[in-house]
Amino acid sequence: MNYQNIIAEKRGKVGWIALNRPKALNALCHDLIQELNQAINQFEDDTSIHVLVLTGSEKAFAAGADIREMKDRDYMDVYKADFITKGWQRVASCRKPVIAAVAGYALGGGCEIAMMCDIILAADTAKFGQPEINLGTIPGSGGTQRLTKIIGKSKAMEMCLSGRIMDAAEAEKCGLVSRVIAAADLLQETMKLAEKIAAMSLPVAMMVKESVNRSYETTLAEGLLFERRLFHSTFALQDQKEGMNAFVEKRPPQFKNI
Ligand code: DAK
């Protein structure tokens, strides 16, 4: 896979994607988003890939959408073209688990893409923020929505209204990230987690993801029903028989992803 703005590679069962526009702190330009879409599509289609990792550099996960690309567009132009919409939700629509490994800046669209991932692991250098208000605009890819659902109204309001940037410790405290890891260990720890999830039955991992995400979209009663139906459906899998038999036989399971 040969890209200009990202690096994508298979690492066993893990599809590893690193945003790679170092001179612009991985600002999310049109071409980068297109390449990110292509890489995700490829990993989704590849049955040997179970988990995706999305990361950036030591200095920046991504410092937001590319301000240079946006600054001269006018209203009719962005409205008619549905500006920076196509492809921007691809991370959120990925059916396989996606882990974000964030070091340095995750601002604006960078924070929004991290929040589209299923798990965020943060280096102790990570900084999160929705500073769009400083540019005279508002978050455009879920910042006012996902951030509010994750960290609550008061903190989300404060961040979006003031543009304040949050450090990794605060992000962990308010549930934005699942763990903070020493920067030097971030990628290794991320790979360990990715490999652990990748060793599970892929269809079951996909069902877990679908079910957890459902809790954001529906009532508790509907969510519980959805979970119950998926739970029942796992009994149609060979992997459920293998997992439960392996437990009883006191041996590790050998999942076949069927
Ligand atoms: N866009 C373009 N270039 C950027 C950039 C960005 N977002 N962020 C940084 N750069 C570039 C800088 O211009 C600089 O380039 P040169 O001048 O060297 O050519 C280079 O990266 C290094 O940046 P700095 O010199 O500024 O580095 P510092 O360490 O001093 O500061 C910083 C780092 C991250 C604090 C600073 O660069 C900064 O404040 N960056 C802008 C952060 C920001 O405002 N981000 C939000 C952008 S708006 C939507 C989807 C998404 C969005 C909207 C709609 N739809 C789906 C509808 C998202 C919008 C945004 O993200």
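Indexing begins at 1, ligand by ligand and atom by atom, following the structure's order.
For ligand 1, the protein residues placed under 4.0 Å by at least one non-hydrogen atom are Lys23, Ala24, Leu25, Ala27, Lys59, Ala63, Gly64, Ala65, Asp66, Ile67, Arg68, Met70, Phe83, Ile84, Trp88, Tyr105, Leu107, Gly108, Gly109, Glu112, Pro131, Glu132, Leu135, Gly140, Ser141.
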task: Kindly determine whether Arg90 and Asn41 satisfy side-chain hydrogen bond (donor to acceptor under 3.5 Å, both in side chains), including the steps that lead there.
output: CA-CA 9 Å; Arg90 185 63 187 93; Asn41 290 343; 2.7 Å; yes
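Ile49 and Lys96 get closest at one heavy-atom pair: O-NZ, 2.8 Å.
For Lys10, the salt bridge (charged side-chain N to carboxylate O under 4.0 Å, His left out) partners at least two apart in sequence or on another chain are Asp46. Residues passing the salt bridge (charged side-chain N to carboxylate O under 4.0 Å, His left out) test with Arg11 are Glu9, sequence neighbours excluded.
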List, one per line, each side-chain donor-acceptor pair under 3.5 Å for residues 52-59, sequence neighbours excluded.
unit_1	atom_1	unit_2	atom_2	d
Thr55	OG1	Ala101	O	2.8
Ser57	OG	Lys59	N	3.2
Ser57	OG	Ala60	N	3.0
Ser57	OG	Ala60	O	3.2

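Ring-plane geometry between Phe231 and Phe235 is classed as perpendicular, the angle between the planes exceeding 60 degrees on a 0 to 90 degree scale with a lower cut at 30.
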